[in-house]
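Just so we're on the same page: letters track the sequence lines, and every chain starts at 1. Just so you know, these numbers use all the heavy atoms, side chains as well, and skip hydrogens, waters and symmetry mates. Everything numeric in this text was worked out from a predicted model, so none of it was measured.
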Protein chains: 2
Amino acid sequence: MTGLRARVRAELTAEIKAAARRQLAAEGANLSLRAIARELGMASSALYRYFASRDDLLTALILEAYEAMGEAAERAEATVARDDYAGRFSACCHAVRDWSLAHPTEYALLYGSPVPGYAAPEATIGPANRPVAVLGSVLRDAVAAGVIEVAPPPDPPELAADLARVLADPHFAGIGEAALLRGFHAWVQLYGAISFELFGRLDNVVTAQDAFFAGQVTAMTRYVLTG
Amino acid sequence: MTGLRARVRAELTAEIKAAARRQLAAEGANLSLRAIARELGMASSALYRYFASRDDLLTALILEAYEAMGEAAERAEATVARDDYAGRFSACCHAVRDWSLAHPTEYALLYGSPVPGYAAPEATIGPANRPVAVLGSVLRDAVAAGVIEVAPPPDPPELAADLARVLADPHFAGIGEAALLRGFHAWVQLYGAISFELFGRLDNVVTAQDAFFAGQVTAMTRYVLTG
DNA sequence: TCAATGTGAGAGCACTGCTCTCGAATTGAA
DNA sequence: TTCAATTCGAGAGCAGTGCTCTCACATTGA
């Protein structure tokens with residue numbers, strides 16, 4: 001029987017995170033522990049019983065955000081016919097964008113400029129790879145089905161070695177260096193597209209954001225699958 | 001004869017900006033007016049005679065950074081033979097990356113997640129377009145030379161209208177909607193690639209960053225010029 | 001029952017951006 | 001040259017921040 005104390009602790013921890021998310025969405029990236037404490041009606045010092053520091057709280061939020069984005073990508077990808085590789089890839093891209101548009105400040109937390117003092121803890125690198133892993137699994141299946149033709153590893157050997165190291169991971173095994181490289185290119189472009197849109201870098205230039213993004217996904221899906 | 005007071009004012013203004021840049025490079029994005037004042041041996045309140053606020057100082061730095069990056073792109077592009085459109089495009093991309101690697105914190109200021117309270121003033125949108133304008137001029141020349149084949153405007157009409165609005169600008173006039181759209185795609189990818197590298201999003205994955213970037217530029221140059 | 005532990009509150013430290021006031025220096029015109 | 005107007009630096013002060021420490025109280029498990 002989980003002690004009473006443990007339960008209220010878990011609940012309060014969740015409440016703090018919820019308030020933090022709320023404040024993050026309202027105020028932008030500068031999260032204030034004191035403001036959270038005020039909102040919850042407790043002393044700011046009491047927060048430190050639950051999170052060792054502001055960075056600790058941020059890390060917890062980042063972790064959950066990665067998981068949420070990864071799960072969104074996985075769910076979207078799962079609804080597409082398994083042999084429709086372009087559709088799966090595209091669905092994953094759109095899911096990542098949709099999640100990001102729905103959670104802009106959390107996206108900025110994940111993919112915005114890194115906070116000066118803050119170094120991403122080890123614990124975040126796993127969940128951070130989850131969205132990429134979905135894209136990777138599509139490529140893996142496409143290669144296994146013979147839809148992507150295998151090409152020799154790209155030059156220079158140093159880059160090929162990087163790719164080979166990634167291919168050792170079971171998530172990506174079998175993709176082949178050339179296709180994996182194209183996948184990375186697409187991942188970079190996907191991130192650029194979402195960041196541009198979210199950070200308003202195309203405001204007053206591209207107003208048809210949906211169509212612009214969709215076209216970009218079409219182009220990069222073709223690039224990834226057919227070279 | 002510019003009064004003595006005006007001259008020392010200009011000098012001090014420059015010194016403040018220099019100290020700010022120094023501190024920005026050393027400490028990361030959280031610029032402290034008080035720390036600048038300390039470094040210059042003056043009272044923090046005196047800084048407000050030169051910049052109305054912290055955001056004002058940041059805006060000044062951002063403006064100069066845009067100009068510096070744009071100039072780097074222009075200079076690099078100018079050294080390539082005029083009829084080597086792929087070379088011009090590629091040189092511009094590499095110049096933007098080189099400048100960014102040399103000025104990482106300033107790059108983060110320009111293209112990182114927007115600071116919550118800070119709204120980019122009108123004065124910055126001109127210089128912000130300067131790097132893009134260089135890429136645009138290459139496309140314009142390539143189309144004029146018949147190297148890029150003209151294609152019908154992309155769907156949907158809403159997006160085509162966005163592109164047509166951009167084409168009204170003399171910098172981009174004559175490119176054509178389809179090629180301009182590909183140019184935007186490349187610009188997005190270029191930004192994504194530099195951000196990924198600078199923000200450490202590919203650390204421990206891609207170590208051959210130069211080769212990775214070069215390959216990406218090659219791919220997107222081909223995409224832009226030949227579809 | 002009771003000592004060990006977990007928890008909340010408050011005071012306090014060093015820091016931030018920013019405002020205000022008050023002398024002192026520089027200016028340009030009379 | 002005189003003198004009012006302007007500019008400027010310094011200091012105090014306000015409200016806010018993350019974080020630490022101490023102290024009283026509540027909850028545990030033996």
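Rounding to whole angstrom units, CZ of residue A:Phe51 and C1' of C:dG8 are separated by 17 Å. Protein atom CZ of A:Arg54 is 13 Å distant from nucleotide atom C1' of C:dT16, rounded to whole Å. If you measure from atom CG of B:Asn30 to atom C1' of C:dC15, you get 12 Å, rounded to the nearest angstrom. Summarising the geometry, the separation between CD1 on B:Ile36 and C1' on C:dT16 is reported as 13 Å, rounded to the nearest angstrom. The distance from atom CG of B:Asp56 to atom P of C:dG17 is 14 Å, rounded to the nearest whole Å. What separates OH of A:Tyr48 from P of C:dG12 is a distance of 18 Å, to the nearest Å. If you take CD of A:Glu39 and P of D:dT17, they are 13 Å apart, rounded to a whole angstrom.
In this structure, A:Ser32 reaches the D:dG18 phosphate: one of its side-chain N or O atoms is under 4.0 Å from OP1 or OP2. Checking the phosphate oxygens (OP1, OP2) of C:dT16, a side-chain nitrogen or oxygen of B:Arg38 falls inside 4.0 Å.
A donor-acceptor pair under 3.5 Å is formed between the side chain of A:Arg182 and the backbone N or O of A:Val224. Although no hydrogens or angles enter the test, the distance criterion places no donor-acceptor pair under 3.5 Å between the side chain of B:Arg130 and the main chain of B:Met69.
Annotation: B:Tyr111 is in aromatic contact with B:Tyr191 [ring centroid separation under 6.0 Å].
Taking the ring pair (Phe, Tyr, Trp, His ring centres under 6.0 Å) definition, one finds that B:Phe212 meets it with A:His185, sequence neighbours left out.
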With B for base contact, S for sugar-phosphate-only contact and - for none (protein heavy atoms under 4.0 Å), nucleotides 5-11 of chain D reads --BBBBB
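Residue contacts for A:Ser44: at a heavy-atom cut-off of 4.0 Å it reaches a base atom on one of the strands shown. Within the 4.0 angstrom heavy-atom criterion, only backbone atoms of the sugar-phosphate kind lie near A:Leu31; the bases stay farther away.
Atom CZ of B:Arg54 is separated from atom OH of B:Tyr48 by 9.5 Å, given to the nearest 0.5 angstrom. Taking CH2 of B:Trp99 as the start and CG of B:Leu110 as the end, the distance is 5.0 Å to the nearest 0.5 Å.
No hydrogens or angles were tested; on distance alone, a donor-acceptor pair under 3.5 Å links the side chain of A:Arg34 to the base of D:dG18.
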Inset, instruction - Please test B:Leu61 against B:Glu106 for side-chain contact (heavy atoms from CB on, under 4.5 Å), starting from the C-alpha separation and ending with a verdict. - result: CA-CA 8 Å; B:Leu61 295 179; B:Glu106 294 179 69; 5.9 Å; no
